[in-house]
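The figures here come from the full heavy-atom set of this structure, side chains too, leaving out hydrogens, waters and symmetry mates. All residue numbers in this chain count up from 1 along the given sequence.
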Amino acid sequence: MPETLFTNISQLVTPAPGVQRGAAMGDLSVIPDAALLVSGGRVQWVGPRAEAPGMVQEHDLGGVAVVPGLVDPHTHSIWAGDRLADFEARVQGVPYEEILARGGGIRSSMRATGAASVNELVALARPRLHTLRASGATTIEVKSGYGLDFRAEVRMLEAVRRLRRELFVMPTLLIHVPPTEGRTDYVRAVCEELIPEVASSGLAETVDVFCEKEAFTVEETRQIFVAARANELDFKLHADQFHAIGGTELACELGALSVDHLEASGPAQIAALAASNTVATILPGVTLHLGLPAAPGRALIDAGAAVAVGTDLNPGSSPVFSVQLALALAVRLNRLTPAEALTACTVNAAAALGLGDRAALAPGQRADFLALHSADWRDLAYTLGANPVRDVWMDGRHV
């Protein structure tokens, strides 16, 4: 790919490369009348247009703002079936336990997903992922977790591998809910059979666990994390969505990439995250859809933690198909500033996936960037119900 100088940029706005913590999350570089030099899929130079290198092929972006490509660090984009009956029942006040008893809830998604072929899962997930990309996501994490049966989990991850050919997706093996019987044997088999198989076949790079009263205990989670580490996989955690039972503290102790949800986190969990290298990933779509308390994004940042934002796209608790909407909701529900929300959806979200080569517009970084419709980058956090992203560029290529 030849060198290309992108010009006529009203504002080029970016955080610094690498994870940003606390007050640093609000520090953005804002370059008016900017230019961006890209070669070989990487950023080579960025600065004022008046100082741009000459004798280079130019591409006029039309006087709009440019920001890094967004990263969605938490999705469940592969599922079959739907949860529309659950949604209707919940808004009418039916308790989740009764929805489960009727055959709904997460186990209905597991039945439908477990019965689907790899081809069917790919066909279902592809439009969801393309919608996320159109909203600005240039890197997307995708979890398994609706299988329970190990063969179904593997099929989900095989579907993710197929989708990697056309989208940049990061596969995660999610250990989501325990079986109704034989959970001790199930956890043992996860550690001794499923994780080694997934690691040896390269189907996932990370293991996630749902640590909750209704899911896996802290000790079970520890066993799974130890197995992940023994198989050279990174690990992360769903925790504190409904109850703070010690999962966050365990994840920080063992060096998890991230702890995600945190709606029930209190001072102890905030302090643990602020004192660790583990990223705190908040998911405002869950607050919007389920009416849960918002995760303490403001308190986490004020304590010095690194905060990321994701969509948690899934059929039950967060049918949010836009990473830009998640960014905008984090400002309104979690009290982030627009600058902090941009950092949370770029370099910090990349750090939550163990990636340091993207999500900032600086020399050496992947040339993933967005051209907005607006000349002011703050429309990214302001807009609701329309897409402020005009164009998506990945590796310097218009997609």
Side-chain angles (χ1 to χ4, degrees), residues 15 18-22 25 70-77 137 139-145 169-176 204-212 215-216 218 221-222 224-225 228-229 233-241 244 246-265 269-286 295-297 299-301 303-314 318 323 326-327 330 334 336 340-341 343-356 358-359:
V19 66
Q20 304 297 312
R21 312 184 64 83
M25 287 183 59
L70 307 181
V71 175
D72 193 340
H74 186 126
T75 85
H76 306 254
S77 301
T139 299
I140 304 166
E141 187 253 21
V142 182
K143 304 179 191 295
S144 69
V169 293
M170 295 286 292
T172 295
L173 170 65
L174 171 59
I175 312 304
H176 206 170
E205 299 170 24
T206 307
V207 174
D208 194 352
V209 185
F210 188 23
C211 182
E212 264 289 350
F216 292 94
V218 173
T221 300
R222 182 186 293 274
I224 296 167
F225 280 177
R229 177 173 284 163
L233 297 177
D234 288 323
F235 49 90
K236 57 179 14 184
L237 190 64
H238 283 59
D240 300 359
Q241 183 175 3
T248 293
E249 292 88 335
L250 173 70
C252 294
E253 172 197 337
L254 296 184
L257 287 175
S258 69
V259 180
D260 302 19
H261 274 292
L262 305 172
E263 292 89 349
S265 294
Q269 292 74 42
I270 292 169
L273 286 159
S276 76
N277 292 323
T278 297
V279 176
T281 300
I282 59 177
L283 307 166
V286 177
L300 284 160
I301 293 173
V307 173
V309 169
T311 62
D312 193 17
L313 172 60
N314 76 81
S318 185
V323 68
L327 184 157
N334 306 100
L336 275 62
E340 291 165 345
T343 299
C345 285
T346 52
V347 290
N348 282 7
L353 299 178
L355 301 172
R358 68 199 64 201

Using only atom types and a distance under 3.5 Å, with no angle test, would you say the side chain of [X] pairs donor to acceptor with the backbone of [Y]?
X	Y	result
R21	A274	yes
T281	V309	no
D72	I140	no

Checklist entry - Which of parallel (below 30°), tilted (30 to 60°) and perpendicular (above 60°) describes F210 and H261? => result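 If you compare the ring of F210 with that of H261, the planes turn out tilted.
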Minimum heavy-atom distance [X]-[Y], with the two atoms named:
X	Y	result
P284	A326	CG-O, 3.4 Å
G247	C211	CA-SG, 3.8 Å
V259	A251	CG2-CB, 3.4 Å

Item to check | D240 side chain to T248 side chain, donor-acceptor N/O pair below 3.5 angstrom | outcome: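 T248 and D240 do have a side-chain donor-acceptor pair below 3.5 Å.
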I need the [X] [atom1] to [Y] [atom2] distance, nearest 0.5 Å.
X	Y	atom1	atom2	answer
T206	M170	OG1	CE	5.5 Å
I301	E340	CD1	CD	4.0 Å
N348	L353	CG	CG	11.5 Å

Checklist entry - Among E212, H74, H176, which one satisfies side-chain hydrogen bond (donor to acceptor under 3.5 Å, both in side chains) with H238? => result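 Of the listed options, the one satisfying the test is H74.
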Next on the checklist: Applying the side-chain hydrogen bond (donor to acceptor under 3.5 Å, both in side chains) criterion to T172, which one of E141, K143, H76 satisfies it?
Outcome noted: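 Among E141, K143, H76, the one that satisfies the side-chain hydrogen bond (donor to acceptor under 3.5 Å, both in side chains) with T172 is E141.
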